Amino acid sequence: MTRTAIDLSHRLKKLPLTRLFLFCIFFSIAATEIIVGAMGLLLKGEITYDYLLTGFFASLCVAALVSSVLIFFLNLHRLDKDALRTSEERWKFALEGAGDGVWDWNLQTGEVFFSPRCKEILGYDEDDYESRILSWESTIYPDDFQRVMSELQAHLDGDTDSYSNEHRARYKDGSWKWLLTRGKVIDRDTNGKALRMIGTQTDISLRKQAEEAVQLAALVFENGSEGMVVTGADGTIVAINPSFTQLTGYTPEDVIGKNPKILQSGRQDAMFYQAMWRKLVTTGHWEGEIWNRRKNGEVYAEWLSINSIFNSDGSVNRRVALFSDITKRKQSEELIWRQANFDPLTGLPNRSMFRDRLEQAVKKTHRVNSSLALMFIDLDRFKEINDTLGHEVGDALLVDAAQRLIHCVRDTDTVARLGGDEFTVILGDLDATDSAERIAHSILNSLAQPFQLGSEKSQISASIGITFYPKDATELEDLLKNADQAMYAAKDKGRNAYCCFTPSMHDAMLNRIQLTADLREALAENQFQVYYQPIVDITTGAISKAEALIRWLHPVRGLISPDDFIALAEDTGLITEIGAWVLRTACSQAKAWRNQGQPSLRIAVNVSARQFHDMHFIDTVSAVLIETGLPPEALELEITEGMMMHNMEHTIAVIQTLRVLGVQISEDDFGTGYSSLNYLKQFPIHTLKIDKSFIRDIGSDPDDAALVIAIIAMAKSLRLSIVAEGVETEQQLAFLRDQGCTQCQGYLFAKPMPEQEFGAFLAGPRKD
Ligand SMILES: Nc1nc2c(ncn2[C@@H]2O[C@@H]3COP(=O)(O)O[C@H]4[C@@H](O)[C@H](n5cnc6c(=O)[nH]c(N)nc65)O[C@@H]4COP(=O)(O)O[C@H]3[C@H]2O)c(=O)[nH]1
């Protein structure tokens with residue numbers, strides 16, 4: 001349809017020229033006739049046949065001449081128009097072919113010819129875009145409108161040679177496109193007023209996007225917080241960004257033209273870089289953590305990501321490396337890792353790291369077909385030091401002990417702290433089991449050396465349990481259990497000792513578990529009994545006191561000594577209940593004996609640490625005294641030195657309350673613990689009981705004899721009454737009597753007996 005319209009317009013345009021041509025022919029014939037006729041009249045006075053013929057021929061000649069001239073010019077004109085049309089079509093073809101639209105604006109009418117491409121650029125069809133300048137104006141992006149119009153006006157006004165403008169225009173669907181509009185006024189009136197302007201319109205959205213991307217990339221390169229390095233294919237640095245300088249200290253002058261190797265810290269070996277390059281060459285990409293060195297020599301960690309830009313033939317054009325400093329993150333990760341795996345006090349691996357190390361050591365030992373030793377080390381009586389001298393001193397001792405342990409083993413061995421005063425040692429790659437025992441020996445020796453803790457000098461010992469992989473066990477859990485059991489065996493051995501695991505320890509543990517279960521039922525099943533042992537006033541031979549000593553009549557095992565179950569009762573907490581039962585039974589029995597002719601008899605009852613520190617202990621004592629009717633001064637509570645050291649302030653407060661109640665307090669097993677005159681002075685006790693271990697050898701061991709003499713003298717000076725335990729011989733009795741000891745307890749007088757027996761003993765004759 002468009003084509004037909006154009007042809008028609010051309011045909012119509014041809015019409016005036018044809019008319020002009022005919023008119024010229026007729027006019028020239030007529031003019032020739034008139035001229036020839038006029039000549040005949042002038043020359044002959046008439047128009048003759050000759051003249052008419054001459055005129056006719058002359059007219060023909062003139063017409064032929066005029067028509068030739070006209071046809072010449074007409075052809076010339078047609079050639080011009082064809083040439084113009086051809087050039088116009090080529091021009092349009094070239095522009096449209098290049099994607100540009102063409103417009104032709106008649107400023108007088110406001111009409112604009114928009115080429116199909118012009119409309120297509122904005123998504124319009126031929127017919128739905130009006131050929132008015134307003135159509136174009138209405139698509140301009142509001143923020144660009146002012147600028148577009150003022151630049152256009154400047155050109156229309158003749159201020160600029162041509163018009164060129166980039167602006168956004170609305171696409172048919174409402175989105176925005178970037179257009180480049182160029183034009184030129186090609187016709188002006190005599191006053192310079194623009195009459196016609198033609199131009200092109202180009203869609204430059206893609207170019208704009210690319211430009212924006214480039215600008216963005218440049219912005220990121222210049223302002224990004226990550227360091228960037230661009231290298232050529234040969235690895236030479238061609239560009240760095242400001243962040244690179246900030247992070248590494250190197251300026252462009254320092255590094256451009258050089259290899260990034262100048263950043264290497266030496267922390268990664270050649271293998272690392274080989275692997276990195278292998279990945280880069282095969283995939284074009286590498287990323288990971290790397291330690292580099294700043295210009296000032298400082299080593300830092302960075303997260304590095306390298307990408308390659310390839311040429312069309314697949315060869316590398318550039319490599320772009322991006323990195324960020326992750327030193328702080330690494331440091332916090334390291335800190336968190338250390339906190340999770342190391343003991344903050346001693347710096348030794350903690351329980352979690354220890355398990356990890358043990359697992360590794362077991363795997364390695366298995367691989368190399370060797371053996372390893374696992375030691376559990378528990379500091380004896382550490383709790384006493386911690387409680388008496390304070391936690392700071394306790395901590396200092398632990399730190400010192402940890403260092404001593406480290407010095408006893410090889411660098412490849414592991415020393416760990418499981419918590420409290422429990423340490424472990426993993427001795428890998430053992431040649432023989434006795435080398436582990438040698439190390440245990442040296443640990444015991446080392447820990448036995450006095451600890452200088454500030455102004456205090458302290459001494460401790462340790463109990464060590466040893467087990468071997470794979471001899472004793474192959475599973476981790478079993479190894480841990482074995483070492484634990486062996487350590488308990490060392491403690492049972494009397495502390496300051498080591499024990500290697502034996503399968504019988506396992507049986508002992510099973511026995512312990514069974515005994516615990518039985519103990520829970522013993523009270524309800526009435527399996528406990530209280531035995532009584534007399535404490536004799538050796539000056540008069542009278543029984544001044546009876547010590548209540550518990551016995552467990554086990555239905556299967558028979559009579560079990562308190563040494564075999566009191567600790568277990570402590571561990572399980574059953575001691576509070578059992579202790580209260582002993583107290584009630586003994587007080588009630590003492591009251592009965594006092595009523596049966598022994599009015600001055602007193603009763604001594606053992607109190608365990610857990611029982612003593614129980615918050616209801618004083619209430620229990622008061623309740624029992626009220627319940628049984630025993631006068632408070634007839635009750636003596638025996639507490640050990642170790643218990644007194646545990647939480648001294650609380651201990652003193654409890655003792656003072658008991659004293660207010662009228663109850664007597666004696667310190668049991670004196671001499672075996674942390675005996676100190678200084679501490680003794682602080683505890684408001686009534687009686688000191690010298691441990692039987694000193695009495696046993698007073699006849700043969702001058703040291704023990706001297707110690708007993710000193711204890712008696714000290715007790716006298718503190719106005720404390722004194723009881724010697726474990727008196728078995730007359731010599732011992734004589735010695736004690738000579739030293740001024742007034743009360744004795746021991747098999748020499750009587751063994752602990754059930755109540756009826758003791759009742760009879762009380763009533764019967766005795767030795768003094
Ligand atoms: N070799 C020898 N031993 C003598 C002699 N005289 C007395 N003994 C024993 O020495 C222990 C003295 O009691 P302990 O030092 O308080 O030592 C007691 C005490 O610490 C604890 N215990 C006993 N009964 C109770 C109780 O009811 N409660 C608490 N918490 N502990 C108790 O069990 C420990 C052991 O009690 P037992 O086996 O009854 O052992 C008793 C007694 O039988 C002697 O001449 N030679």
Side-chain angles (χ1 to χ4, degrees), residues 492 519 522-523 527-536 538 543 545-554 558-590 603-614 617 620-621 624 635-644 646 665-673 687-699 722-733 735-736 741 743-755 757-758 761 767:
D492 283 349
L519 197 61
L523 206 58
Q527 293 169 6
F528 292 121
Q529 281 184 20
V530 178
Y531 275 40
Y532 299 92
Q533 186 179 30
I535 296 170
V536 180
I538 54 171
I543 299 170
K545 279 181 258 185
E547 180 175 1
L549 295 159
I550 192 169
R551 299 288 179 267
W552 181 10
L553 198 62
H554 191 277
L559 201 65
I560 303 180
S561 140
D563 281 334
D564 295 331
F565 69 87
I566 289 290
L568 202 63
E570 278 251 338
D571 290 351
T572 53
L574 289 167
I575 193 70
T576 322
E577 225 183 316
I578 295 171
W581 177 84
V582 173
L583 186 69
R584 192 171 291 108
T585 309
C587 289
S588 150
Q589 188 57 61
I603 185 87
V605 179
N606 288 282
V607 177
S608 80
R610 196 151 173 180
Q611 197 184 348
F612 185 81
H613 291 291
D614 183 83
F617 179 62
T620 307
V621 174
V624 165
L635 174 64
E636 185 171 296
L637 296 175
E638 292 193 3
I639 57 176
T640 60
E641 197 174 20
M643 280 163 59
M644 292 163 76
H646 178 75
I665 306 291
S666 66
E667 186 178 332
D668 205 1
D669 306 336
F670 188 77
T672 56
T687 308
L688 263 191
K689 291 188 81 174
I690 308 173
D691 192 67
K692 54 182 179 290
S693 58
F694 301 109
I695 306 298
R696 190 178 55 225
D697 299 326
I698 44 177
I722 193 130
V723 176
E725 281 183 337
V727 182
E728 295 183 0
T729 64
E730 292 291 349
Q731 293 96 311
Q732 288 166 345
L733 178 63
F735 178 89
L736 291 163
C741 176
Q743 298 184 84
C744 289
Q745 175 184 2
Y747 294 167
L748 180 65
F749 307 99
K751 286 196 170 179
M753 328 164 231
E755 60 188 54
E757 228 179 282
F758 188 83
F761 182 80
K767 138 200 261 194

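Just so you know, ligand 1 is whichever comes first in the structure, and atom 1 is the first atom listed for that ligand. Remember, it's a predicted structure, so these values are computed and weren't measured experimentally.
- Not a single heavy atom of Gly579 lies less than 4.0 angstrom from ligand 1.
- For atom 36 (O) of ligand 1, the nearest protein heavy atom lies closer than 4.0 Å.
- Between the choices Ile695, Val727, Val582, the shortest heavy-atom distance to atom 27 (O) of ligand 1 belongs to Val582.
- In this structure, Lys751 does not count as a contact residue of ligand 1, since none of its heavy atoms falls inside 4.0 Å of the ligand.
- Assignment of Glu547 to the shell around ligand 1 is supported, since a heavy atom sits closer than 4.0 Å.
- Trp552 and Phe565 have perpendicular rings, their planes meeting at more than 60° on a 0 to 90° scale where under 30° would count as parallel.
- At least one protein heavy atom sits closer than 4.0 Å to atom 31 (N) of ligand 1.
- Contact between Ala604 and Glu638 at its shortest, heavy atoms only, is CB-OE2, 3.5 Å.
- With respect to the salt-bridge test (charged N to carboxylate O, under 4.0 angstrom), the residues Glu636 and Lys689 do not qualify.
- The heavy-atom pair separating Gln533 from Leu549 by the smallest distance is OE1-CD1, 4.0 Å.
- Checking only distances, Lys692 does come within under 3.5 Å of ligand 1, N or O to N or O.
- Between the choices Ile575, Ile578, Ile550, the shortest heavy-atom distance to atom 25 (C) of ligand 1 belongs to Ile550.
- No N or O atom of Pro752 sits closer than 3.5 Å to an N or O atom of ligand 1.
- For Gln745, no nitrogen or oxygen atom sits less than 3.5 Å from a nitrogen or oxygen atom of ligand 1, counting backbone and side chain alike.
- The heavy atom nearest to atom 4 (C) of ligand 1, out of those in Phe565, Phe749, Tyr747, Phe528, is found in Tyr747.
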